[in-house]
Structures are given as C-alpha cells and as structure tokens.
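Taking it in order: structure first as structure tokens, then the write-up.
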Amino acid sequence: MPKRLFLLIAVLAIAVLAISAAALAQSNAAPFDVLIRNGHIIDGTGSPWYSGDIGIRGGRIVAIGKLSDAQRARTIDVHGLVVAPGFIDMLGQSELTILVNPQLPSKIYQGITTEITGEGDSAAPLNEAIIQANRHKYDHYHITPDWRSFQQYFARLEKQGMGINLASYVGATQVRRMVLGDDDKQPTPAQLDQMRELVRQAMLEGAVGVSSSLEYSPAPYAKTEELIALASEASKFGGIYATHMRNESNSVLAAIDEALRIGREGHIPVEIWHLKVAGKANWGRMPEVVAKINATRAQGMDVSADTYAYTAWFNDFSAFVPAWAHDGGNAKLVERLKDPAMRARIRKDMMTPSNEWDNEWEEISGPQDILIGVVKNPKLLPLQGKRLSEVATLQNKDPMDALFDLLIEDNALTEVAVFGMSEPDIVLALQQPWVAFDNDSSGTSPEGILGQEHPHPRAYGTFPRILRKYVREEKRLTLEDAIRKFSALPAQRMRLTDRGVLKAGMWADVVVFDPATIRDLATFENPNQLSQGMEYVLVNGVAVIDQGKQTGALPGRVLRGAGYAQ
C-alpha cells in the first residue's frame, strides 16, 4: 500500500474514533432524557439521509452518532423511519386560535413545531377602538383580549403554555389602525412618527419584523412611502419585511416591484407570502415572476417567498368588494351594501376589469369557484361548505346579490376558498430553491368551537400533502429538498439560528415519520381531518405526538426577534 494512502486511511480512522469518543463522552456525562435510535436522519441541510442515533437532554440535541450504550431515561426506536427537523410554518395565523386550543392539533399532526404569524394584522399592539371593531371575532372564540402590547400577549402565551413554538411580525395594518383607525386617509408626519414608534416598541418586545397584507382594508390605503418608513424602523432591529402583496393577479409584477422597492429603501430582507399568479387570464405567468425574483437575487437583494401549493386561496369574502367601500371599517361597508345606490356602484366596479385593484370577481370563471368557508353568524352555519352558485340557487338570487347579502348577514366576516390558480404555476413556484412553505391558516381542531368551522384543507394538510403529492407520487421534489424547505430554509430566513437543522446544540424540534405512508386527509368538502403518518413530534425535546397520538403536552416557546430587549 502506498505510504500516502496508508497515512490518509490512518487519519480518517483516527477522526472517526475521535467523533465516536466525543459522542460517547457527551452521552456519558449524564443520562439522555430521550434517545432516538436507528433513524434515517435527514438533517435539514438538503444532504442525503444517514443512519444514526440522536441524544436529547434539557430540550436540546446533545449528541448524534452511535449512542446505543449511552444511559437514557427513554428510548424511542424508530426502526429506520425518517428523523427530521420539526417543520416551520412561514405564515400560520394562529394568534387567536392558540388561545382557544393551545395544543393546535391541526399543526402538530402535520409535523409543524414552529409557526410564524402576524399577516398585516397582528395580535398586538391593541387599543380599545380595535377591540371594539373586532368584537365579533373575540366573542366568536370566547376570548377576552386582556393584553395591549406584545410583551403582555407573549406573557399570556407563556403562562397558558402551547403545543408549538410561535413568533410574530408586527402588522403594518395593525399600527395604522392604532393611529388612523379604519379610514381612508394618509398620516401626517407626526402620525407617521407614532406608527414608527409602535413598530420600534414591538421589535423591542420580540416581533421578528413588520408585515403588510395589502389586499385587505384598511391596508390598501397605505402608500408605499408609509410602508418604507415602517420597514426602515424594523430594519434597525434585524427584522424582515413580509408581505401579502397589493396585487397577485393582473398587476403581480408591479406589486413585486413595490415589495422590492420597500426592501431596497427600507434596507430590509423581503419575504413574499403565498407566492401566486391569480386568475385564469394570468395562468402561465409564474415563469415571469420567478425570472424577476431570480434577477433581483442575482443583483444581491435578499428576497425569498413561500407557498401552500393548493389551487385555491382562502381569504375574507369582503375582499371581493373594492377598497373604497371599506372606508371606515366593516360597519360602514355593511351600510353601503344596504344602500341601493352604493350597492350598484360596488357591483359596477366588480364587473369592470381593472389593474388598479385585485378584482377577485374578474379572476374566477363564475360563482361556482367560490366555496363558503368560515361564517361567524350561527344562522349561516348551514351554508359552510357550499359554493356561492349553490347559495344563489337556494336563495333564488343573482350570485352577486347573494354575495352582498351574505356579507351583510355575517357583518362582513365570512371567509371563502376561491379556485383561481393553475397547477403548473404552483409546481414551478414550489420547486424554486428560495421558496419555503406556509399553511396560511390558523391552527385548528376537529373538536370544539374550532371544529364547527369549515377551513381550507391546507389548515390540516399542507406539509403532509407536499410529502405525499409532490415528493412521493409526482416526484417534483426530492425528500431531502422538501425537508430543507420545511426546516433549514425557513429557519435561515427567520434567523432562527438554533433551530431548523439536526445537530448538537440545536433545540430538539424533531419529527419521525414513514415517507411511504404519510398523507393528508383534509379535502375542500371535508376539511376537518387530521393528517396521518407522524409517529413522533418533539417540541423542545418533549413529545407532543407519541406513537401517532397526541400527548397534550405544551412545551412550545415564544420565539422573539433579534431586537428583543428583555
């Protein structure tokens, strides 16, 4: 054997022995709380799986390797199942439902261990005017909003406990409502300073950035300069600007330009939520969107996106109505819908093609493309799960009149699924290396008050559906890349430096599943069905799913942003 080759083999052997010795030294220091044995470890980086054991102590991973001789309180032998980092939901919406059912079964049965929330609106800051305007929502969930700041909201979460980790943006809409209410007006310089101070305070209290949701009033009233000012404030604290863009249909490229301008002038990374091209007239335009973002990234700007990968979105039914009609809030909108002249004007605007606003009525082929989801008025519960075309027929009404009357009866709080995207566009988006995944739905449960709702099936199925449909069946993604997009990629984007990858020192957010059997069950017709296939889900080292069953444990933590000042 050549001397050089012999030396190389010797060095490698010594290195392997050193690694094993280090792992055993750590394992012998104290018993592990949990030892996960015989797993196929997919660590989140995109690398192929490797075999090994994972030792967990004090909520963190302390060793990975051959650990069969180590002392431990509990052994979980996974017999060759996949062991991966817990999944990170890039847009969750659970800020209120986590107060209703803190276990969030719809999330943990998908393998979600961390949620990022706060889409334009956010749990805080709060004032009495907003509380009164949102009274129907709080009453619906039997929630007493006894907090006013993020500090107080997070303290309430920590006191009650929660099944997953949660982080939140401060909403640009939220701070606008704090200062300007729901009116269509522009802030004075002094008012804009107030809004900036609210963002600053939220960042100091742990918000991860500032977000916008520019389709839903009163958000459309905000000019780009207002958003730049708020984003600039968040940037000082290491924040991110995340956006539901102003337009996702005819003017999607212009909306991306606005988001990029906010990022450039605000000196802040940009996250485009639930990337899509909406409306049949725009199907096939995803290559333009991808090219624009790729070109921007090539120029050195930090922009990325996420998707839930269904062909229907889910939003407020009131978003079908033009922004001007929302001036003053939902109560004023309902008044206008009751006024024959105003109603006629709204109808005319909805029937007129426009690039000036995201006209969802023009993006669908007809009322059959709208499925009534969540209603707040109990009298309307029989309509949940029906198409608008069915409702119109049942009520012997023109479909648009049925839409208007439903908004009136439900105080403009109805949520709907809208079928308006194409599968090829979705596939192209989800394959991009800078695209992660989001549920874009609040955590829910088949039981209790949450089980009375009719959500989008993504609330229960997004992540297992990716693994079933796009990995196992259609092979659009490899398993390793899907896991990367579920874990390391979103952790990197959100600056969660101690999560998202399986390695020593990281928090033990871990999932165990069989990639050959994991699947979603939720459908548009019957959405309240938990996904199947997660054998174990650990949050901070504690099992919330154990042998496929919910444990009831609440080990989740509030994850605060880089600007947090304790």
Side-chain angles (χ1 to χ4, degrees), residues 120-121 128-140 173 176-177 180-186 213-223 246-247 249 315-364 366-384 386-416 418:
D121 291 311
E128 293 305 318
I130 295 176
I131 289 171
Q132 290 308 313
N134 292 350
R135 179 57 63 189
H136 289 96
K137 185 178 291 187
Y138 294 125
D139 289 348
H140 174 74
T173 308
R176 170 175 254 271
R177 295 181 78 194
L180 301 175
D182 292 320
D183 297 342
D184 183 0
K185 60 185 180 183
Q186 299 308 305
S213 187
L214 297 173
E215 185 180 351
Y216 307 121
S217 296
Y221 309 145
K223 306 295 185 188
R246 204 175 292 271
N247 193 292
S249 56
N315 63 0
D316 295 340
F317 207 6
S318 62
F320 275 78
V321 176
W324 65 262
H326 294 257
D327 186 8
N330 282 348
K332 291 292 185 182
L333 170 61
V334 169
E335 283 182 25
R336 293 183 183 104
L337 288 171
K338 291 178 178 178
D339 181 281
M342 286 286 127
R343 187 163 169 142
R345 181 184 167 192
I346 292 168
R347 174 187 286 269
K348 181 180 178 182
D349 280 5
M350 290 172 60
M351 296 292 289
T352 304
S354 173
N355 293 331
E356 299 303 312
W357 64 292
D358 205 332
N359 186 348
E360 293 190 30
W361 190 261
E362 288 295 312
E363 295 166 15
I364 58 174
Q368 70 278 3
D369 289 343
I370 302 171
L371 184 146
I372 309 303
V374 179
V375 300
K376 298 298 190 291
N377 182 343
K379 295 178 181 178
L380 300 173
L381 284 172
L383 300 184
Q384 288 188 162
K386 289 184 166 53
R387 303 286 179 135
L388 180 61
S389 52
E390 297 176 74
V391 174
T393 299
L394 283 171
Q395 298 178 346
N396 195 26
K397 293 178 181 177
D398 166 81
M400 197 174 288
D401 282 327
L403 186 162
F404 294 156
D405 291 343
L406 183 52
L407 288 176
I408 291 169
E409 290 181 72
D410 206 23
N411 295 299
L413 297 173
T414 310
E415 299 169 62
V416 294
V418 184

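Atom set for the values below is all heavy atoms of this structure, side chains included, hydrogens, waters and symmetry mates excluded.
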Which residues satisfy the side-chain hydrogen bond (donor to acceptor under 3.5 Å, both in side chains) test with Asn330, sequence neighbours excluded? none
When rounded to the nearest 0.5 Å, the distance separating CG of Asn355 from CG of Asn247 is 7.5 Å
If you compare all heavy atoms of Gly373 against all heavy atoms of Gln384, which two are closest, and at what distance to 0.1 Å? O-CG, 2.9 Å
Which atom pair, heavy atoms only, marks the closest approach of Leu407 to Val334? O-CG2, 4.2 Å
If you take all heavy atoms of Pro399 and Ala392, which pair is closest and at what distance? CA-CB, 3.8 Å
Mind checking what makes side-chain hydrogen bond (donor to acceptor under 3.5 Å, both in side chains) contact with Asp349, not counting sequence neighbours? Trp324
Arg345: what forms a salt bridge (charged side-chain N to carboxylate O under 4.0 Å, His left out) with it, not counting sequence neighbours? none
Taking salt bridge (charged side-chain N to carboxylate O under 4.0 Å, His left out) as the test, write out the residues that go with Arg343, two or more places apart. Asp401, Asp405
Within-4.5 Å side-chain heavy-atom neighbours: Arg176 and Thr173: no
Suppose the criterion is side chain to side chain donor-acceptor pair (under 3.5 Å): which pairs have a residue in residues 406-416, not counting sequence neighbours? His136-Asn411, Lys376-Glu415, Asp410-Thr414
Show me the pairs that pass salt bridge (Lys or Arg N to Asp or Glu O under 4.0 Å) and involve residues 350-363, at least two apart or across chains. none
Main-chain N/O of Val418 paired with Asp369 side-chain donor or acceptor, under 3.5 Å: no
Which residues satisfy the side chain to side chain contact (heavy atoms under 4.5 Å, CB included) test with Leu394, sequence neighbours excluded? Lys386
Any side-chain heavy atom of Pro322 sitting closer than 4.5 Å to one from Ile346? yes
Could you tell me whether a side-chain N or O of Asp327 sits under 3.5 Å from a main-chain N or O of Asp184, the two making a donor and an acceptor? yes
Considering non-hydrogen atoms only, spot the tightest contact between Leu383 and Gln395 and give its length. CD1-NE2, 4.1 Å
Where do Gly181 and Pro218 come nearest, in terms of heavy atoms and distance? O-CG, 4.1 Å
Can you sort out the partners of Ser389 under side chain to side chain contact (heavy atoms under 4.5 Å, CB included), two or more places apart, ordered by chain and number? Pro367, Gln368, Arg387
Stepwise side-chain contact (heavy atoms from CB on, under 4.5 Å) test for Arg347 and Phe404: CA-CA 9 Å; Arg347 174 187 286 269; Phe404 294 156; 4.2 Å; yes
Point-to-point distance, once rounded to the nearest 0.5 Å, from CD1 of Ile130 to CZ of Arg135: 12.5 Å
Set of residues satisfying ring pair (Phe, Tyr, Trp, His ring centres under 6.0 Å) with respect to Tyr221, sequence neighbours excluded: none
By salt bridge (charged side-chain N to carboxylate O under 4.0 Å, His left out), which residues pair with Asp316, not counting sequence neighbours? none
Taking every heavy atom of Arg336 against every heavy atom of His326, the minimum-distance pair comes out as NH1-C, 4.0 Å
Does Gln132 have any side-chain hydrogen bond (donor to acceptor under 3.5 Å, both in side chains) partners at least two apart in sequence or in another chain, and if so, which? none
The reported gap from CG in Asp339 to CG in Leu337 (rounded to nearest 0.5 angstrom) is 9.5 Å
As a quick check of understanding, evaluate side-chain contact (heavy atoms from CB on, under 4.5 Å) for Leu388 and Phe317, giving each step before the final call. CA-CA 11 Å; Leu388 180 61; Phe317 207 6; 4.2 Å; yes
Note: Lys137-Asp121 ion pair, threshold 4.0 Å (strictly below): no
If we only count heavy atoms from C-beta on, is the Val375 to Leu413 side-chain gap below 4.5 Å? no
